[in-house]
Engineer: 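Could you have a look at this structure, given as structure tokens, before my questions?
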Amino acid sequence: MNFFRGVMGGQTAGPQPSGAETIQKLCDRVASSTLLEDRRDAVRALKSLSKKYRMEVGTQAMDHLINILQTDRSDSEILGYALDTLYNVISNDEEEEQDESEDENAQKQADDLGTQFTETFIQDPEHITLLLTLLEEFDFHVRWPGVKLLTALLKNQGVQVQGIILVSPMGVSRLMDLLADSREVIRNDGLLLLQQLTKGNAAIQKIVAFENAFERLLDIITEEGSSDGGIVVEDCLLLLLNLLKNNSSNQNFFKEGSYIQRMKPWFEVGDDNSGWSAQKVTNLHLMLQLVRVMVSPVNSPGATASCQKCMYQCGLLQQLCTILMATGVPADILTETINTVSEVIRGSQVNQDYFASVNAPSNPPRPAIVVLLMSMVNERQPFVLRCAVLYCFQCFLFKNQKGQGEIVATLLPSTIDANSISAGQLLCGGLFSADSLSNWCAAVALAHTLQDNLTQKEQLLRVQLATSLGKPPVSLLQQCTNILSQGDKIVRRGSKVQTRVGLLMLLCTWISNCPIAVTHFLHNQENVPFLTAQISENLGEDERLVQGLCALLLGICIYYNDNSLENYTKEKLKQLIEKRIGKENFVEKLGFITKHELYSRAALKPQPVFPSPEQMLFDHEFTRLVKELEGLITKAVHKSSEEEEKEEEVKKTLEQHDNIVTQYKELIREQDAQIQELKEKVSSMTTQTEQLQATVSQQQSQIQQHKDQYNILKLKLGKENQSQSSQGDTQVNGLQTEELSQLREELEELRRQQTLLQTQLSEKDALIDSLKSAAKAAEGPAGSDNTELLQELEALKNQVQTHLAEIGLLKAERQELLRRAEAGPSDTAPPSDGSSDAAKAELENRLAAQTAEMEQLKESRSGLEQQLAAATSTVAILQTEKAKLQTEVQESKKEQDDLLMLLADQDQKIHSLKQRLKDLGETVRKHSLEVKQGQKT
């Protein structure tokens, strides 16, 4: 123990060993000691030296420490010492007392040392697997240092360690169990570990999300007090941001799990919002960022729209608007809230309509849009707040033609209210103020009221402004050009070029794709000379952007010119450019816009984010307009008048052909619809035919049953006739005179019935003959079925005739019996009464049975005849409908063939026109070619 006493600070005689020697002896002790207590004491000593002698412990003891983790799993104390030692060696986060003279190189050297030891540790992936296994230990002295060590490894070599954990069985699941640990220290450090684990790895982010991370994290945030919570809430929010940012799968899972609804209570603020702690500001800032991640413009449009709808339905948007209009909210939270509301309403008509209805709690109430615009044009407000308001206004008008019309309407003479401040008045005030930043913001905001909206561009031409007393009002367009031409003559606060850049962007957006606005602009005789003078001058570096925008504005006047002004037709403007500026010089000046360093930054994302007001020059939507028009204007300037005329002719011809093709397409669509309708009718008729065939087969089965019944009756009658012939003589002699008179009456009745049946039979024979002739004349798939039905009916008819013949024989036999009965009394003595009654009853029963059989056969025959008549009628109708359908299909095919021939002729003409365009050096519009190819196919 003297050795350890010396190491731990005890006094020993003789010279003290150096740190490296002591560490070497401790390592030998760890490697060679057989007693667990000796190894534990040696590892404890290494832990105490690991901070001061980091290099020595890392290089000499790492293998021994890893071996301890593998072999001494049963002792939690030595495992904790080994893990703490490895953490001290690998981690770069320990606060060490350093002299002020130590510079950044020393810190960098320490970082490199941690990275080096981390690489050594993860050379064998089994070491990470071993560490993950140790994290399953519940003992605090093992689990906590294990969490810290794995966090340090991820900080130093995140990508490599992530890859090892990803392929390790249940690796991520083991780490997710840390969030359920009841000890807050381990749970909180587990949050830090998961933050490092999920950085930049989408696969791990998905696994963590599907391990129920959202549910656990939201529960922790609620338990810790939501926005009023401490650093733990911040760590949970940072982890949520890692899981959701740029991960569409997790975003969809978050939305489908109804977790957006659980965010609403975070933003409930009271009336007194003073004295917010720094931690609450941080937490609420991260919560707002989390909302923005779900509705970011970089997400897919469908996912963003779904989240926006959900936020409106659950009341989250309403809660954000409440914060927006609340008093006492810190400036940075208010700014971030404005940005969040902006993206929640961007492109969503329902959300935009709701935002338009929000009023500020003032007396009298004012729309939230008006209150925000007042902040935007107020130069005393913070710069970031003014940028946020501008972004909010842009998002409110994005794909919102209704909102654009409402803003423009506040500028029109018929809707101006002198007693209230409107959005249009604030924009005009900002446009003509002495603050250059207000000029730029107002100009960009007005440009967004006109974006992709031809109607509002024409409506804005009606706006008249009163400049001063005694002078007539001027149009808004004219006033913009007046301020632009005055340039530096007006004293302004801020950038010199910012106002002119904003006005030029407004004018370019206004007159693009609007020939009426171009005419109004060119109608002012001073505008074109001013633009040509600006473009032709050799100005400084700061003025290059203004020259490029002037060139763009003049190019738009050429491209969208309808030649309604004789002095400023397309050709005359191009001649003016060639004489005053030069085509090459004009194109070069036009290229100054896209070459500007701030142009590419503004083109990246819709939100206007600038480090300083002076760099606020370009708008995102304007960069899209420049990209669209630059090539078109360059081609338009280089074209000659002859080429213009030829191109116009070709365009008109192509438009005519496009119209013809469109008409043919509509005609073909109608015919396709008709053919589809006819096909449906044929299908319906086929179904009906199948049903009729099924009915006929059913009737055939019924006829077969009647045949079988008839054969059975026939056999019974044959047996009865034989027994009657043997007993006839004895029975007839016993008949009384009264019975003979009854028999005569019954015989007469049977004769009348026979006559009636023969009449009906002749009528049915005539009907059957007519049905046979009709069936022979009919054509179609049902003919064979009708023939079989007629054959079956003919067979039944023959059977009925046979049965009638048998009945006739029975009647003849009865006549013979009556004759013999009349002659019998004179020759024979009367028998007893009992035998006479029995014979009479037997004969009456036989007659009744024969009569019933006749009635059944008559009813069966009548039913069959009715079924045959119905089937024949249905088949005739089907044949008629089928003939009509075949005729209509043939006519449709013939019309389609004629249309195809016409389309082939049109295609040949278009091909020749295309060749003429190619000979002229032009490129035919891509969509026109696609239309023609679609018609060919």
Engineer: Closest heavy-atom contact between A443 and G502?
Structural biologist: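 For A443 versus G502, the nearest heavy atoms are CB-O, 3.3 Å.
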
Engineer: Say you draw a straight line from CD of Q479 to OG of S475; how long is it, rounded to the nearest 0.5 Å?
Structural biologist: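 One finds 8.5 Å between CD of Q479 and OG of S475.
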
Engineer: Would you tell me whether Q478 and N482 have side-chain atoms, one donor and one acceptor, within less than 3.5 Å of each other?
Structural biologist: yes

Engineer: Just checking, any donor-acceptor pair under 3.5 angstrom between side chains of Q308 and N351?
Structural biologist: no

Engineer: Are L411 and T449 packed together at the side-chain level, in the sense that at least one heavy-atom pair is separated by less than 4.5 angstrom?
Structural biologist: no

Engineer: Decide if atom CD of E566 counts as having more than 12 heavy atoms of other residues, nucleotides or ligands within a radius under 6.0 Å.
Structural biologist: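 Result for CD/E566: open.
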
Engineer: Verify whether one side chain among E343 and N339 offers a donor that lies under 3.5 Å from an acceptor in the other.
Structural biologist: no

Engineer: Compare all side-chain heavy atoms of C441 with those of V377 and state whether any distance is below 4.5 angstrom.
Structural biologist: no

Engineer: Measure the acute angle between the ring planes of F393 and F396, then classify it against the limits of 30° and 60° as parallel, tilted or perpendicular.
Structural biologist: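 It falls in the tilted class, 30° to 60°.
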
Engineer: Between S249 and N247, do the side chains contain a donor N or O and an acceptor N or O under 3.5 Å apart?
Structural biologist: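 Short answer, no.
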
Engineer: May I have the step-by-step check of side-chain contact (heavy atoms from CB on, under 4.5 Å) for H620 and K605, ending in yes or no?
Structural biologist: CA-CA 7 Å; H620 176 76; K605 55 182 180 179; 5.6 Å; no

Engineer: Of the options E458, Q459, Q464, which is the one that meets R462 in a side chain to side chain donor-acceptor pair (under 3.5 Å)?
Structural biologist: Q459

Engineer: Between the side chain of N527 and the main-chain N/O of F521, is any donor-acceptor distance below 3.5 Å?
Structural biologist: yes

Engineer: Report yes if some heavy atom in the side chain of N585 is under 4.5 Å from a heavy atom in the side chain of E588; otherwise report no.
Structural biologist: yes

Engineer: Does S348 use its side chain to pair, donor to acceptor, with the backbone of I345 at less than 3.5 Å?
Structural biologist: no

Engineer: Are V358 and I369 side-chain neighbours, meaning at least one heavy-atom pair lies under 4.5 Å?
Structural biologist: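 The answer is no; the side chains never approach within 4.5 Å.
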
Engineer: May I ask you to decide if Q451's main-chain N or O and Q404's side chain share a donor-acceptor pair within less than 3.5 Å?
Structural biologist: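 Such a contact is found between Q404 side chain and Q451 backbone.
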
Engineer: Tell me if a side-chain donor or acceptor on H596 pairs with a main-chain N or O of F592 at a distance below 3.5 Å.
Structural biologist: no

Engineer: Who are the side-chain hydrogen bond (donor to acceptor under 3.5 Å, both in side chains) partners of Y568, not counting sequence neighbours?
Structural biologist: Q525

Engineer: Please report the closest heavy-atom contact between A445 and L427, naming both atoms and the distance.
Structural biologist: CB-CD2, 3.6 Å

Engineer: How about L545 and F618: do any of their side-chain heavy atoms sit closer than 4.5 Å?
Structural biologist: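 The answer is yes; the side chains approach within 4.5 Å.
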
Engineer: For atom CD of E578, decide whether the heavy atoms of other residues, nucleotides or ligands shown that lie under 6.0 angstrom number more than 12.
Structural biologist: no

Engineer: Begin with the C-alpha distance, continue with both residues' side-chain angles, and end with the deciding distance and a verdict on side-chain contact (heavy atoms from CB on, under 4.5 Å) for K627 and Y599.
Structural biologist: CA-CA 11 Å; K627 185 178 180 180; Y599 174 86; 4.1 Å; yes

Engineer: Less than 4.5 Å apart, any side-chain heavy atom of D452 and any of K399?
Structural biologist: no

Engineer: Look up atom CG in N524 and atom CG in L477, then write down how far apart they are to the nearest 0.5 Å.
Structural biologist: 8.5 Å

Engineer: Would the number of heavy atoms belonging to other residues, nucleotides or ligands and lying under 6.0 Å from CD of Q349 be above 12?
Structural biologist: yes

Engineer: Could you state the interatomic distance from CG (L412) to OG1 (T410), rounded to the nearest 0.5 Å?
Structural biologist: 8.0 Å

Engineer: Do the side chains of L476 and L431 get nearer than 4.5 Å, heavy atoms only?
Structural biologist: yes

Engineer: Would you say the side-chain atoms of N299 pair up with the backbone N or O of V293, donor to acceptor, closer than 3.5 Å?
Structural biologist: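 The answer is yes, because a donor-acceptor pair under 3.5 Å joins these two groups.
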
Engineer: Assess the residue pair V637 and L590 against the criterion (side-chain contact (heavy atoms from CB on, under 4.5 Å)); give the C-alpha distance rounded to whole Å, side-chain angles, the decisive distance to 0.1 Å, and a yes or no.
Structural biologist: CA-CA 11 Å; V637 170; L590 183 62; over 6 Å; no

Engineer: Is it the case that the side chains of D619 and Q394 hold a donor-acceptor pair, with the cut-off being a distance below 3.5 Å and no angle test?
Structural biologist: yes

Engineer: Would you say the side chains of S306 and K255 form a donor-acceptor pair under 3.5 Å?
Structural biologist: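 Checked: S306/K255 side chains pair up, N/O donor to acceptor below 3.5 Å.
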
Engineer: Report yes or no: does H448 contribute a side-chain atom to a donor-acceptor pair with the main-chain N or O of L397 at less than 3.5 Å?
Structural biologist: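 Here the side-chain-to-backbone pair does not exist.
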
Engineer: Return yes if some donor-acceptor pair links the side-chain N/O of W440 with the main-chain N/O of L617 below 3.5 Å, else return no.
Structural biologist: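 Present.
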
Engineer: Excluding sequence neighbours, so at least two apart, what forms side-chain hydrogen bond (donor to acceptor under 3.5 Å, both in side chains) with R544?
Structural biologist: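 R544 satisfies side-chain hydrogen bond (donor to acceptor under 3.5 Å, both in side chains) with no residue once adjacent residues are dropped.
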
Engineer: Are R669 and E666 close enough, and set up right, to give a salt bridge (charged side-chain N to carboxylate O under 4.0 Å, His left out), and what steps lead you there?
Structural biologist: CA-CA 5 Å; R669 286 194 193 98; E666 292 176 355; 5.4 Å; no

Engineer: Please determine, by modelled atom types, if Q486 and R500 share a side-chain donor-acceptor pair under 3.5 angstrom.
Structural biologist: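 Side-chain D/A pair, Q486 to R500: absent.
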
Engineer: Please confirm whether the backbone N or O of F398 pairs with a side-chain atom of Q352, one donor and one acceptor, at under 3.5 Å?
Structural biologist: yes

Engineer: Could you tell me if the side chain of R346 sits less than 4.5 Å from the side chain of V295, heavy atoms only?
Structural biologist: no

Engineer: Quick one: CG on L454 to CD1 on I516, what's the gap to the nearest 0.5 Å?
Structural biologist: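 So the CG of L454 and the CD1 of I516 are separated by 7.0 Å.
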
Engineer: Check for a donor-acceptor pair, side chain of K589 on one end and backbone N or O of A551 on the other, with a separation under 3.5 Å.
Structural biologist: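 Answer holds: no.
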
Engineer: Using modelled atom types only, decide if a donor and an acceptor are shared between the side chain of T304 and the backbone of S300 within a distance under 3.5 Å.
Structural biologist: yes

Engineer: For the CG atom of L446 and the OG1 atom of T509, what is their distance to the nearest 0.5 Å?
Structural biologist: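 Those atoms lie 10.5 Å apart.
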
Engineer: Let me confirm one number: the CE-CG distance from M505 to L549, rounded to the nearest 0.5 Å.
Structural biologist: 7.5 Å

Engineer: Any luck finding a side-chain donor-acceptor pair between N439 and Q498 under 3.5 Å?
Structural biologist: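 The criterion, which ignores hydrogens and geometry beyond distance, is not satisfied for Q498 and N439.
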
Engineer: Begin from the C-alpha positions of L506 and V444 and carry the test side-chain contact (heavy atoms from CB on, under 4.5 Å) through to its verdict.
Structural biologist: CA-CA 6 Å; L506 171 60; V444 171; over 6 Å; no

